[in-house]
There are 2 protein chains.
Amino acid sequence: MPKRIGQWHDVEAALRADILSGRLEPGARLSTEADLCARFGVGRHSLRRAVATLVAAGALRVQQGAGTFVADHAVLNYQIGARTRFTHNLLSQGLAPSGDLVSAETLIPPAHVAEALGITPTTQVHAFVAVGRANGDPVNLTCSWHLASLFPSMIDQRRAGETVSQVYTQAGHGDYRRRETTITARSALPVEMRHLNLPDARPVLVTAKVDTTRDGLPIGYSQGIWAADRVRFTVENTTMTGELK
Amino acid sequence: MPKRIGQWHDVEAALRADILSGRLEPGARLSTEADLCARFGVGRHSLRRAVATLVAAGALRVQQGAGTFVADHAVLNYQIGARTRFTHNLLSQGLAPSGDLVSAETLIPPAHVAEALGITPTTQVHAFVAVGRANGDPVNLTCSWHLASLFPSMIDQRRAGETVSQVYTQAGHGDYRRRETTITARSALPVEMRHLNLPDARPVLVTAKVDTTRDGLPIGYSQGIWAADRVRFTVENTTMTGELK
DNA sequence: CCGCATTTGTTCGTATGTATT
DNA sequence: TAATACATACGAACAAATGCG
């Protein structure tokens with residue numbers, strides 16, 4: 001026996017059903033708040049809470065002054081854990097990759113970065129923040145940290161448009177490896193909302209990985225924040241037969 | 001230029017800062033709403049919106065009648081894409097795995113399942129819903145669909161506690177393979193909130209995979225919904241040397 | 001075990017600001 | 001510029017859950 005308290009739950013369910021069933025098509029505009037309030041017989045508060053929930057869920061998109069619309073998204077399918085790269089991933093789906101370097105500086109890393117890199121908290125690193133785009137729309141925000149001692153001119157190189165891989169190679173670490181990638185999800189932080197152009201605290205996927213030399217020495221750590229409704233990760237399940245138990 | 005208007009943003013930022021800085025320790029109880037309203041000089045509306053945002057972000061936990069608390073979580077590190085299993089994954093971290101079978105029935109699959117399995121929309125499948133737990137706390141909700149024709153007595157077998165792998169093996173498909181796994185994130189649906197014991201529409205990670213025979217014929221499709229703040233996926237980055245560009 | 005005070009949840013009304021058309 | 005539509009904010013009242021005496 002479901003414990004349904006709250007009219008806004010009912011309104012949310014009704015709107016969600018309309019969207020899923022196709023009665024409201026992707027991109028369609030909903031009636032105004034006032035109309036919907038009248039239709040459902042609830043106050044503006046209840047209606048707005050239902051809409052807010054669906055916006056957070058990525059089912060609706062609201063634009064002040066214009067109206068409320070059913071979301072329509074293009075989802076990027078991103079291959080992970082292999083030798084594919086951002087550029088290659090997008091091109092293979094007919095999307096135009098681009099990116100902006102938001103910031104580049106040399107500093108003392110935050111604690112969790114120092115830990116991941118296995119360095120003392122006072123060792124200097126280069127820190128970069130960049131936005132990756134598909135067809136001009138931002139899809140991810142990358143924060144990366146690299147040992148400053150190994151890549152003296154990395155700041156200038158990256159400002160000149162060189163990729164991390166290119167810098168690694170020129171410094172004699174072309175055969176670097178990527179340790180395992182971790183994936184988590186959470187709600188977007190205010191900074192992330194700005195860079196990813198998110199209208200609200202929507203879910204984001206967070207990827208993190210450590211680059212090491214062939215000997216396993218960490219040389220860089222990077223973290224990607226992805227708008228959850230704009231990407232789907234694919235992990236190739238290599239190996240494996242049965243192996244139950 | 002940031003266009004930040006709204007007091008509730010300021011309240012959220014202040015609370016977030018208190019949490020991150022450690023002034024509010026994990027598990028600690030905040031002052032009451034009334035007190036916080038007075039302290040920040042805002043109405044209850046603004047305060048509650050700030051709190052709601054932090055709850056959605058997983059930073060706070062609210063309990064009606066009791067108070068608002070700083071979240072303290074145990075995060076499960078889940079190895080993905082290898083031969084590891086739910087049980088093994090938990091045991092290796094000292095967590096006790098358990099699970100409940102929520103439902104088991106034979107039916108016509110939803111469209112996206114039929115598509116994934118490469119079957120006509122009228123082919124019957126067994127559908128299961130189960131909750132996976134770590135130390136009794138729910139961490140994921142698994143929905144799986146399996147070709148009914150291949151596993152006639154699967155419903156009874158699973159009700160008797162047998163695993164999917166065990167059923168596969170007994171039907172002569174012990175050497176099944178897992179096609180690639182996809183990972184996405186979104187907000188939890190009401191059903192998921194109930195089973196995962198989520199107090200709100202928090203982010204969830206969604207994993208999906210197709211089991212096939214050695215010949216590549218699909219025999220089952222399963223989807224896992226994970227409470228985002230209770231799990232971190234780890235993908236082993238096999239292979240790979242440089243291979244830049 | 002009951003009852004009561006405390007604390008959060010839901011809902012309404014109302015007013016004003018800001019973006020879009 | 002004016003009308004429309006969503007955003008923010010305050011206040012108030014009652015419901016529901018919790019915890020304590």
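What you see below is based on every heavy atom in this structure, not just the backbone, and it leaves out hydrogens, waters and symmetry mates. Lettering follows sequence order; numbering is per chain, from 1.
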Would you find a donor on one side and an acceptor on the other, under 3.5 Å apart, between the side chain of A:Gln93 and the backbone of A:Leu76?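 No, A:Gln93 side chain to A:Leu76 backbone: no donor-acceptor pair under 3.5 Å.
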
So A:Tyr78 and A:Phe233, would you call those rings parallel, tilted or perpendicular, with 30° and 60° as cut-offs?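 A:Tyr78 and A:Phe233: perpendicular rings.
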
Just say parallel, tilted or perpendicular for the rings of A:Trp226 and A:Phe86, cut-offs at 30° and 60°.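 The arrangement is tilted - the two ring planes meet at 30° to 60°.
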
Can you tell me how far [atom2] of [N] sits from [atom1] of [X], to the nearest Å?
X: A:His9; N: C:dG9; atom1: NE2; atom2: P; answer: 12 Å
X: A:Asp35; N: D:dC6; atom1: CG; atom2: C1'; answer: 13 Å
X: B:Arg49; N: C:dT10; atom1: CZ; atom2: C1'; answer: 17 Å
X: B:Phe69; N: D:dA17; atom1: CZ; atom2: P; answer: 17 Å
X: B:His45; N: C:dA15; atom1: NE2; atom2: P; answer: 16 Å
X: A:Leu30; N: D:dA5; atom1: CG; atom2: C1'; answer: 13 Å
X: A:Phe40; N: C:dC12; atom1: CZ; atom2: P; answer: 13 Å

Using a heavy-atom cut-off of under 4.0 Å over every strand shown, decide if A:Gly65 touches base, sugar-phosphate, or nothing.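 The residue A:Gly65 makes base contact.
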
Could you please name the option among [options] that lies closest to any side-chain atom of [X]?
X: A:Trp8; options: C:dT10, D:dC6, C:dT7; result: C:dT10
X: A:Gln64; options: C:dT21, C:dT10, C:dA19; result: C:dA19
X: A:Arg29; options: C:dC12, C:dT8, D:dA5; result: D:dA5
X: A:Glu33; options: D:dA7, C:dT8, D:dA9; result: D:dA7
X: B:Arg44; options: D:dC6, C:dT10, C:dT7; result: C:dT10
X: B:Arg48; options: C:dT10, C:dT21, D:dC10; result: C:dT10
X: B:Ala66; options: C:dT11, C:dG9, D:dT18; result: D:dT18

Check whether any side-chain nitrogen or oxygen of [X] sits under 4.0 Å from OP1 or OP2 of [N], and answer yes or no.
X: B:Thr32; N: C:dT6; answer: no
X: A:Gln7; N: C:dC12; answer: yes
X: A:Thr68; N: D:dC6; answer: yes

Run the salt-bridge test on A:Asp229 and A:Arg202 with the 4.0 Å N-O cut-off and return the result as yes or no.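 Yes, charged N to carboxylate O under 4.0 Å.
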
Passing option when B:Val129 is tested against B:Asp100, B:Thr142, B:Leu141, B:Leu101 for side-chain contact (heavy atoms from CB on, under 4.5 Å):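 That would be B:Leu141.
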
